[in-house]
Amino acid sequence: MNWQLLPQFAITGLLNGGPIALMALGIVLVFKSSEVFNFAHGQMLLIGAMAAWWFASPEGMGLPLWAAIIAALAVSVLLGLAIERLTLRPMTGQPLLSIILMTLALGQFLQGLTIFVFGTTQRNFPVIFSVTNPYRITLPLTYNDNPIVVVLRQNLVWSFVIAMICVIVLVLFFQYTRTGLAMRATAENHETAQSVGIRINHVFGISWAIAGVIAAISGILIATASGLDLSLSIVVLAAFPAVLLGGLESIPGAVLGGLIVGLAQGLVGLPNNSFFMGPAAAQAIRNSAEIVPYILLLIVLVIRPDGLFGQKRIERV
Amino acid sequence: MAVLRPSGDFDTSYEHDLAVVRQRWQWALLLLLLLALFTLPYYAPAPTVSLINRIGIAIIAVQGLNILTGYTGQISLGQAAFMTVGGYISALLVGAAGWSFFLALPVAGLGAGLVGLIFGLPSLRVKGFYLVMATLSAQFIIPWLTRHIYPSLLNGAQGINVPVPTFSLPVIANTCFLGTTFNAELGTCVYRFATPSQFIHITLGVLIVSTIVALNISRSRLGRALISVRDNDLAAELLGVNLFAYKLKAFFIAAVYAGVAGALLAHNLRHINSQTVGLVDSIMFMGMLVVGGLGSNLGPILGATLVVLLEELATVLAPPAAALLPTLAGGATAALKPLLFGLALMLFLIFEPRGLAHRWMLIKAAWRLRPYAR
Amino acid sequence: MRKWTLIMLVALMGLVLLAACGSPATPTEPTAAPPTAAPPTTAAPTAAPTTPPEAPAEPTAVPVQEPDKRTQNLEGEKITFYHFGDLSGPYAAITGPLVFGMEDAVKAINERGGIRGATIEVRFADTGGSIDEAVAAYDRFVGSDPNAMIMITYGSGEVEALASRFAEDKIVNLSAGLSAIGFYGPESGYTFGLGPIYPDQFGLFLDYITANWATIKPASAGDEIKLAYLSWPGAFGQGALTPKTRAYAESLGVQIVAEETYDLSPTADTTTAILNAQAAGANVIWTNTLAFGPAALMNGLGALGLKQEFVLGGCNWAMDLATYAFVSDPSLAVGLISPFPYLWWNNADHPGIQYAASLFEANGRPAGARNVGYLMLVTGVDIAVQAIEKAIDTVGFDNLNGEAIYNALTTMGPIEALNGVVRVDYANGVRAPQQAQIRQIQGGPDAFNVLQDWTQMPDLRP
Amino acid sequence: MLTVNNIEVVYSDVILVLRGISLKVEPGQIVALLGANGAGKSTTLKAISGLLLRENGAVTRGSIEFEGRRLDKLPAEEITRLGIAQVLEGRRLFQHLTAEENLLTGSLVRPNNRSEIKESLERVYAYFPPLVKLRHRTAGYLSGGEQQMVAIGRALMARPRLLLLDEPSLGLAPLLVQTIFAMIRQYNHESGVSMLLVEQNAHVALQTAEYAYVMENGRIVLDGPAEQLAQNADIKEFYLGLTAVGERKSYRDVKHYKRRKRWLG
Amino acid sequence: MTASENFLTVEDVTLYFGGNAALCEVSFGVRRGEILAIIGPNGAGKTSMLNCISGFYRPQHGRIRFKGHDLTKTPTHKIAALGLARTFQNIALYTGLSTLDNLMAARHIHMRQNSLQSILYWGYARREEVAHRRRVEEIIDFLEIAHIRKTIVGALPYGLRKRVELGRALALEPELLLLDEPMAGMNVEEKEDMARFILDIYERQGTTIVLIEHDMGLVMDISDRVVVLDFGQKIAEGTPDEVKRDEKVIHAYLGDA
C-alpha cells in the first residue's frame, strides 16, 4: 500500500464523487416523485452538454458562455417536460418492466437523436477552469518525514463545489418551498397527494424539468473537465449503483452513495505493491474502477436490500 | 392457449389436447417451413442467409430471456454478459483444448448457466429495480473479468480468435463426400462451417432444439411453477412453489440459452472479446422480447426477427439519410439504429404493450370467427 | 407417439440437409483442384487455412499468362473497393476524415480515367467499432459480390476477427489497424498494413530513447529508463505489448515498470494511471492510442503538474490534429515523440503531400479533417491502384481477383506510395511498412518536426 | 349542496359495486353513511372524491353534483380544489413528513398567503391541542389517534366547504373515538362546514350526524334523521346480517337443481 | 377442548407491525370436519390471522399447530404439502394462465417430475401430466367451469375468478381449506352458488373449512362455529346463535357508545 499517495487518491476520488452524486440525485428525484428509474439520464446529460456547446460555439450560436449555459438549461427543462408528457404519462399504471424498458428505449432514441443532430464528432468544450494550474495542498500530515502534498485539478475541485451547491439548493428547495412540499408529498403517496389537491402530473413534470437541469449541469461539468463526445452518456453508469447504494428514494442517500462510489473508485486505483497477490492481480485491481461500484452494490444488496440509507419502511396494518 | 380452434378439430384424448402441433396440415406446414429454412442457401442470396443466421442467434438468446422475464417475471439486463461467458467457454474448449464444437456447445451453455445462477442469487432478497441492478452488474463484472483474469488464456481485452466449427467424417473409398475436404493432419474428411451458408445449419439445428425445449417448459410442471412465480409470487409460495429454487432455475435456464447463443455467435464471428456483446445488446434482447410478446413462445421469434430487420433497415437507410443530411456523414447508421430501435420500442410500449404475438393471436381468433373458415 | 416419429423424421431430414448443403459452399473457395478426389495417403492439396500463411506468397502461384488478356482500355468496367470504418463507435473521434480521404482520392483517380479506364467504386460500411457489425458487413459485401478482391479496414479488432476470412476468401485487405495478430496470426495472410505494426513502432521508439536518453531525459530522471505503458484496454491499446517487445525492451535495458489502462474515451480520467506510473518510478510513458488517448494523458499530466517529469511517446496515431482538438491547452501537447511512418502536411514541398493537399482543397473539406486519416487513405488508395495495375498487367482484367492483387503486392518490391509519403515493401512475408521517422510536436499542428529521418525499424513481428 | 343521483359504480369494467345510490348533503349538515363491511360505503365516498379513477373504477350511471357542478368525471385533485376535502380511510398521512408538513400539504390548494396559512394552522392546533407538541415529529411514528387528528387537520387546512370523512373511528380505542368525534362536532358547529361521514361505528356516527343513510350490498336500505334511526331497534340487525327487508331463506337451503336450472337457462 | 382433539390449534398468536399489534394473544382451535367462520369489523385482524395460519406472516409470539406440525416454523412453500390450501381476499390467481393451467399449477405439490423431465417432456413427465389432468378435469366439472377451461383467467369476470380460485385451492386436495371472503362483491345468486359449493366440498369430502365472511346471514347459515375478532383480540367464540347474542359482539359491531 502506498501511504504517501493514499490521501491524494482518497481526495481525488471523493471529489470525483461530486458529479456522480449530482447524477444520482437527478435519478432519485424522478424516481421519488414518479417511481420511474430514469435509465435515460445519461442521454439527458449528453444533450444538455451538447446544447451548451452548440449555443457557445462559433459553429453554433456563438453566445457568451454564461448565456449558452442558461440556454442549455432551458433546453434541458423543455426536454424533461417533453419526456414526461410524451413518453411516461401514457405509461401510467403499466408494469415495472414496461417502465424500465421505456426509459431504456428513450435512452437509445435520444442517443440516436443526438447523433442525428450533432453527428459523431467530438467537441472541444470551452475551458471554464484552468487546466494547467492545479491546486497544491500540503496536508498537515507526514509520511516517512515527507509532507503529504495533494495535487488537485481545478475543474475537479470546482465540479465538486458546484455539484454540492446544487445538492444544497435542491435540499433547501424541497424543505422550504410549497412546490418542494408538494413534491415530497407526491413522492410518498400519489393517491393521498391527489386527495389533498396536489396536481401530481404537474409535480411529475416539475421533477423531470429539475432532473433535466441537474443532468445538464452534470454534463457541462464533466465536459469541461475532459471534452465532449457521445461517451458522455455512459458516464452515468457509475451513478446507477450510487443511487441504489443510497437506497433509491433517499436524497441524502444518493449524495452519499455518489461520494462513496467516487471514493471507492479512487481508492482502488491506489498504487498497491503486489504484497498479497501477483503483479497481474494488483494491476487488475488498480483497473477495477469501472466495476467497483457494482461490486459494492452487490455486497450492499446482500447485506441491506434497501440500500445503505434507504428509508425505513413504516409499516402499519 | 388458444381459445378458438378450427372447426373439425376435436379433442379425443388428453394427449391430443396437450399436443402442440395438432393436425396433419399443421405438420405439413411445419415441415415445409423447416425444409425452406434448411435449403435457404440454395436459393436465397448470401446476405439474406447471413441475416437469417443473425436472427436465429438472437432468437435463441431472447428465448432464454423469455423464460426468465416472460415466464418467471425476473427482469434481467445481463443476458449479453452470459452470452460472453458461453462464447469464451466454447472458444477456449474448441480453440485451446481442441474439443469438437458440438461437444463444446452444450458445455458452454452449462458453464454460462452456472454463472447465471450466481447472478441470480440476489433474486432471493431483492426485486424490481434492485434486481435489475444486480443483473446489470453482471454486465460490467463479467466483461471486466474476461479482460483481467488469465491474460495468457483469455488474452485480455484483445479477446481471442475462435476456430471455425468443423465436423469430421471418415474417408470412404479414398473420397470425401458431402462437401467435405480432406485434412491431412487428421486423416479425415472435414466439413467446415465457415460461411453463413454453412453455419446457418448449425444455427437452425440449435434453434429447433431450443424452441422444443421452450415449448416443453411452457406446458409442463416447471413452466407452470415459473409462471406462478411471475403472476403471483406470494400465492405461488402458499401453493407450494419454492420461490427461490424456481427463480434460480429460471436464471440458470436463461443463462444456458444465452451461453449457447454466445457460443454460436463467437464461432460465427470467429472472434470474441469483452465487447462483442454488451449492455446495448442486453437492452436490445429485452426490447425484442417486449416487441415480440412476453411469455409467449412465438414472441422471441417475432420480436428478434423484427428488431434485427429494423437494424438491417437502418443499415440500408443510412446512405440516403447521409446524403440528405451531410452533417451525418458516416454517423448515419449509428444514428439510425438506436433511433429506430428506441422509437419502435417506445411505440410498442405505448400502443401494443403485449407485443406482436398477442396481435397474432387476435388475428388468428378473428379469422376463425369468420363463417366457414377452416 | 406419432408426433415423435415425425419429429425424429424432421431431425433426420435436418441432418441430411446439413450434410448436403456443404456443396453450395464450394464456389466461395476458388481453389480449382477438386479436393474430394484426394487420396488420404498423400499430402492433399488442402484449403487455404490449413496451409502456413507464408505458402501462397511465392510467385509459383502466379497463373500461366494468357495471350489475349485485357490490360488496357477497360472503359465501362468497374472495380469495387470495400471499405470498413468506425464512424460512430469509440474510434470515431479521428476516423471521420478517412472517409473523405478515400472518397477524394478515388474521385480524383476516376476523373483521371480510373484504372486503365475502369472506374473505381467505393462501398463503405460503418462498423461502429463492433466486430459483429464488421462481420455482418463483410458477409453482405462478399455475398453480393463473389469476386470481391480488395477491402480496406481501420480497426485492430475488426482486422483480427476478419483476418482468417480474408485469407480464406482470398481478398486483399489493406489495413490501418496495425495490431500484429491481424497481419501475422496463424490464419491471416491477406492483410497488409498501411503503417508499421505497433510492436515495430514501439521498438523504434525504444531504440530512439535509449540512443538519445542523455539529451531527452526529464530533468529529474536518472540514467535508467523506466517505461510506463499507459494505454487503452483492447486489441489496439495493448497491441504494442507482446512477448517480443518485452524481450526487446529488456535487451535495451529499458524496464517496463508499470502497465496501466484508462478508458477508451476522450473523457477518460488518466490521473490514476499517471500517478501509478509515477509511484512506480517511471520516467517514460508510451501510449498506444488514437489522438484523444495522448490528449487525455496530456490533460492529466498537465492537471497534475507532472508534464516535465515524463518523456511521452505514442504510436503513429498519437501525433495528429485531433490531439490538439482534445488537449485542453495547446502547450500541453508540445514534446510528444512518435514514430512517424509517413510524411506530414508540413512537408509542403513534397509532391505527394502537395497532391493530397490539392485534393483536400478541391473538395472543400473542413479544416479538422486535414489529419492523418485523410493522408493515410489517399496513400492507401495509391498503393491499391499500383497493385491492381500490376495485377492487371500480369493476369489481365478478366482474371483479376484478390489472389492476383495479393501476388502483385508481394512481388512489387519497395513501393514509394504517393512519391514516398509512405515507404513499404511487402516482399518476403513482411506485410507492413518497416520504415519510419521519429517526429516530435514542437509547436502547433504544423510543427511535427523530424528528430530522426527514415530508419529501418526493429523487426518485432511475432 | 352535494347531490348524489342514483349512481352505479363498476370496478375493472366487471364488478358492480354500487347499484343506484342517491343521497344529499345540505349546507352545514353532518350526514352519516352507515353500513357493514363491504356494503359499498367507501366506494360511494371514492366516487364523490374522484379517487375511483385511480382504482380502475368508474361511475357508469347517475350523476354527482356539488354546488351545481358535475363531479363524476373530474380527477381527485380538481375535486379537492372545488372545496371538497377528504380524510381517507386508514389515516393515510405522508409518513415521512412531519406532522406540520402534513398539515401544510392541505393548504397547497389555496393561494400562497403566508399569514392566512399561519392562521389556518393556528386554528387546527386550537382544535387539536395535542398536535402542538408533535408538530415536528415524523408523522409515521405518531399514534393512531394522533395520526387521525393530523389527517383531519390536513383536510381542514384546505378550508373546505364540504368535508368527507372515511371511517375516522377505524382502529381507534373507544375513548379516542369520542374525543375525535367531539372535535368534529365542534368544528361543524363553529365553521358550518358540511360533512359526509362514513362509519361502521353506528353509535358514535348517529350521535354526531343529523341525517343518516344505511347501506347494504351496494344499496341504500334505510335513511332518516339520526335521532330517529338511533331509536330504531332494527339497526343492530343490519350489523348482524338480518335485513328488515322481509324474510330470507337460509343459504343452506339452496338446492343443486336450482343452480343447474340457472346455468341451463 | 384439548389440543389433541384439535386439527388446527392457534395458541397465543401475537403479531406486530412496527409497534402496532395486529393480533394479540389469539387462541382458538379448529376441529376436523367443521366449518369455522372468523368474523369481526374492518381492521380486526381477520386476514392477518389467516395469513399467519397459511405461513405468509410469521407471528412474533405463539404457535400454530396443524396435524402436529408447528406452522410458524415450517417454510412457507412446504405448508401446502401438509394439506392446507387457501383463497385470497383480492383474488390471487395466476392471471396469465388459463383456468386449466391455474388448476394444474396447484397440482405442483402432487407432481413428481423434476425440471429436467419437464424439459424433455418424455415418458414419465408426459404420463404424469395426463394423469393430473384427469384429476383437474374432475374439479372443473364439479365447479361447473368447463366452458372457461382454456380461457386466460385475467379475462374472466369477477365471480368466475372467485370460483376458479376455489378450484385452484381444491386442486391441492387440502384437508384444511382457508377461505378469505369467498363471496365478497357477489350478488345474491352468486353467493348462493358459492355457498352451495362450499357446503358440497364440506359434505362430500369432509374437508375442514375456515372462512372469513362479511355477510352475517351467510355466516350464520353455513358455519358450525364462529370466532369473533376485534382490535386483534378474540372477543367471542361459539355457535352462530351464541355469538349473535353476545353483548361484546354487538358492541364491536355497533361501536362502544
Side-chain angles (χ1 to χ4, degrees), chain A residues 31 35 37 39-40 43 86-87 90-91 94-102 104-121 230 234 237 240-241 243-245 248 280-281 283-285 287-288 290-298 300-307, chain B residues 69 73 75 77 119 121-122 124-134 136-141 143-145 147-151 279-280 282-284 286-287 289-290 294 314 321 325 327-332 334-351 353:
Chain A
F31 186 83
E35 279 162 32
F37 192 103
F39 282 100
Q43 279 75 22
L86 296 178
T87 67
M91 299 296 289
Q94 293 281 346
L96 180 73
L97 175 66
S98 304
I99 309 256
I100 289 177
L101 269 174
M102 183 48 108
L104 285 171
L106 181 69
Q108 292 291 304
F109 177 77
L110 292 179
Q111 184 90 16
L113 199 66
T114 314
I115 302 174
F116 216 92
V117 176
F118 294 102
T120 52
T121 33
L230 294 172
I234 55 170
L237 291 175
F240 289 159
V243 170
L244 276 93
L245 279 179
L248 201 52
Q283 196 214 334
I285 288 178
N287 286 316
S288 63
E290 57 179 302
I291 60 163
V292 156
Y294 287 89
I295 290 178
L296 267 181
L297 174 71
L298 282 182
V300 169
L301 284 187
V302 170
I303 301 168
R304 288 191 55 137
D306 282 332
Chain B
T69 307
I75 305 169
L77 285 180
F119 284 94
L121 284 176
L124 170 66
R125 296 202 57 170
V126 297
K127 283 186 188 181
F129 291 111
Y130 290 90
L131 185 61
V132 174
M133 283 296 157
L136 188 63
S137 70
Q139 201 60 70
F140 290 90
I141 292 170
W144 185 88
L145 286 177
R147 288 197 295 274
H148 289 95
I149 56 169
Y150 299 113
L279 178 59
V280 173
S282 278
I283 297 173
M284 290 276 227
M286 201 51 118
L289 184 55
V290 168
L294 277 163
L325 280 161
T327 49
L328 269 177
L336 284 177
K337 270 190 191 176
L339 204 68
L340 285 183
F341 170 72
L343 194 64
L345 188 49
M346 288 199 293
L347 291 177
F348 262 91
L349 285 170
I350 295 174
F351 296 111

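Reminder, nothing fancy here: chain letters follow the sequence lines and each chain counts from 1.
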Point-to-point distance, once rounded to the nearest 0.5 Å, from [atom1] of [X] to [atom2] of [Y]:
{"X": "B:Leu339", "Y": "A:Leu110", "atom1": "CG", "atom2": "CG", "value": "9.5 Å"}
{"X": "A:Phe39", "Y": "B:Phe129", "atom1": "CZ", "atom2": "CZ", "value": "7.0 Å"}
{"X": "A:Ile291", "Y": "B:Leu145", "atom1": "CD1", "atom2": "CG", "value": "6.0 Å"}
{"X": "A:Leu97", "Y": "B:Leu294", "atom1": "CG", "atom2": "CG", "value": "5.5 Å"}
{"X": "B:Met133", "Y": "A:Leu245", "atom1": "CE", "atom2": "CG", "value": "10.5 Å"}
{"X": "B:Leu345", "Y": "A:Leu104", "atom1": "CG", "atom2": "CG", "value": "8.5 Å"}

Engaged part of [X] at the chain B interface, taking heavy atoms whose separation is under 4.5 Å:
{"X": "A:Ser288", "value": "both"}
{"X": "A:Leu113", "value": "both"}
{"X": "A:Leu297", "value": "side chain"}
{"X": "A:Gln43", "value": "neither"}

If you define the side chain from C-beta out and look only at heavy atoms, does anything of [X] sit under 4.5 Å from [Y]?
{"X": "B:Phe348", "Y": "A:Leu101", "result": "no"}
{"X": "B:Leu279", "Y": "A:Ile234", "result": "no"}
{"X": "A:Leu237", "Y": "B:Phe140", "result": "yes"}
{"X": "B:Met346", "Y": "A:Leu106", "result": "yes"}
{"X": "A:Met102", "Y": "B:Ile350", "result": "yes"}

A:Leu296 atom CG: more than 12 heavy-atom contacts under 6.0 Å: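 Yes, enclosed.
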
Between A:Val243, A:Asn287, A:Val302, the one whose heavy-atom pairs under 4.5 Å with chain B are most numerous: A:Asn287

Residue selection (most heavy-atom pairs with chain B, distance under 4.5 Å) from A:Leu96, A:Leu230, A:Thr114: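 Maximum pair count with chain B is reached by A:Leu96.
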
Nearest atoms (heavy-atom pairs only) where B:Pro338 meets A:Gly112: CG-CA, 3.7 Å

Partner chain A: residue of B:Pro151, B:Ala138, B:Gly287, B:Gly342 with the largest heavy-atom pair count (under 4.5 Å): B:Gly342

Results of side chain to side chain donor-acceptor pair (under 3.5 Å) for B:Thr69 - residues two or more places apart only: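 For B:Thr69, no residue satisfies side chain to side chain donor-acceptor pair (under 3.5 Å) once neighbours in sequence are set aside.
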
Contacting region of B:Leu349 [heavy-atom separation from chain A under 4.5 Å]: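 Both backbone and side chain of B:Leu349 come within 4.5 Å of chain A.
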
Part of B:Leu340 lying under 4.5 Å from any heavy atom of chain A: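 Nothing of B:Leu340, per the 4.5 Å heavy-atom cut-off to chain A.
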
